[in-house]
Amino acid sequence: MAEFKKKPTYQVIDGLLINASVSPECFRGAIQYKPQADDIFIVTFPKCGTTWMQHIVHNILNKGETFKNYEEIKLRSPFLDMSGPKIAEVMPRPGSIKTHLPFNLCPYSPSAKYIYITRNPKDCCVSYYNHTKMLPEYNFEDGSFDDFFEIFINGETEWGDYFDHLISWYEHRNDPNVCFLTYEEMKNDSRAAILKVARFLGPEYAEMLDNDDKVMLKILDQTSVNYMKRFNKEMKHFYTSWNKDECFGQEMPEGLKHIREYYEKHNLKMPFDVEFVRKGSTGDWKNYLSPDQSKRLMEKFHAKTKDTEISKLWENLL
């Protein structure tokens with residue numbers, strides 16, 4: 001097993017590695033959240049298409065109207081694990097709730113809907129590395145890809161092991177209240193993926209898209225990588241210039257207050273270029289993984305998923 005020189009800064013909350021800036025109280029509250037009947041959860045292991053699906057769901061629910069700004073994203077599609085449960089309880093509806101929780105920890109109700117997106121482990125690893133290197137709370141700006149690769153393959157990233165997370169949700173892929181997609185099928189045929197999500201959300205949304213191609217074309221444009229990149233600057237502004245007491249015109253959620261205070265306490269500054277939405281591509285792993293790393297990751301992949309058909313998700317990619 002290769003050795004690594006540097007690890008990101010994490011904290012441990014009830015046995016799970018989590019971003020060091022997250023409030024333990026809010027995180028525990030997120031796990032204990034009681035889903036409402038009209039809740040729509042967007043669930044991923046980090047860097048598997050979360051932001052993309054947030055935009056898709058919002059556009060479908062609002063008949064082709066996109067988020068006005070980044071504040072609206074945080075309000076109408078809140079990050080439960082980070083913000084805490086209160087913001088999900090008061091969010092405008094219809095809306096969606098973002099989470100990275102594995103199935104066994106995710107708030108569950110048979111009446112709620114769950115959209116799970118997964119991504120091939122090689123591209124996930126690369127995207128997660130760039131994300132971790134970018135955000136200052138990880139203290140990993142000078143960390144190498146080789147360092148992060150060892151962390152990823154050992155299952156020592158925040159939110160746990162990629163493979164365990166995927167398997168926990170894959171086992172529920174055919175549940176009537178779960179919509180299971182891959183990042184790659186979304187890239188290969190975005191129109192079909194949007195229709196799949198629309199049908200899952202309700203027949204009225206599928207009918208809307210079937211009968212009005214102008215709305216579909218609008219959604220395709222407003223959920224493209226180039227369009228979503230417009231929010232990158234706003235994301236930086238949210239972290240660097242937010243009001244100390246308010247957010248979205250109301251009291252700032254405790255989870256976001258905690259993050260702001262963590263930034264101030266540790267004198268953290270966001271980088272000049274913030275790329276929460278980066279390339280949005282498939283196959284970028286070829287620019288990062290060595291042949292040995294690729295081989296080792298595939299060996300781990302097949303060992304962990306040998307009793308499933310998960311390998312069929314990426315037969316032509318890995």
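Residues passing the salt bridge (charged side-chain N to carboxylate O under 4.0 Å, His left out) test with Glu65, sequence neighbours excluded: Lys218.
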*Are Asp39 and Tyr33 close enough, and set up right, to give a side chain to side chain donor-acceptor pair (under 3.5 Å), and what steps lead you there?*
CA-CA 11 Å; Asp39 277 346; Tyr33 170 71; 2.7 Å; yes
*asked:* Between Ser224 and Asn226, is the side chain to side chain donor-acceptor pair (under 3.5 Å) condition met? List the steps.
replied: CA-CA 6 Å; Ser224 66; Asn226 287 337; 5.8 Å; no
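With rounding to the nearest 0.5 Å, the separation of SG in Cys106 from CD1 in Ile97 is 9.0 Å. In this structure, Cys125 SG and Arg119 CZ are separated by 11.0 Å, a value rounded to the nearest 0.5 Å. For the atom pair OG1 of Thr44 and CE of Met53, the computed distance is 10.0 Å after rounding to the nearest 0.5 Å. Between atom OH of residue Tyr108 and atom CG of residue Leu101 there is a gap of 15.5 Å, rounded to the nearest 0.5 Å. From Met298, atom CE reaches atom CG of Asn120 across 8.5 Å, with rounding to the nearest 0.5 Å.
A cation-pi arrangement is not found for Arg260 relative to Tyr263, the charged atom failing to lie both closer than 6.0 Å to the ring centre and inside a 45° cone about the ring normal.
Between Trp169 and Phe45, the ring centre distance reaches or exceeds 6.0 Å. Taking the six-membered ring for Trp and the full ring otherwise, the centers of Phe180 and His172 sit at least 6.0 Å from each other.
Other residues, nucleotides and ligands contribute at most 12 non-hydrogen atoms within 6.0 Å of the NZ atom of Lys86.
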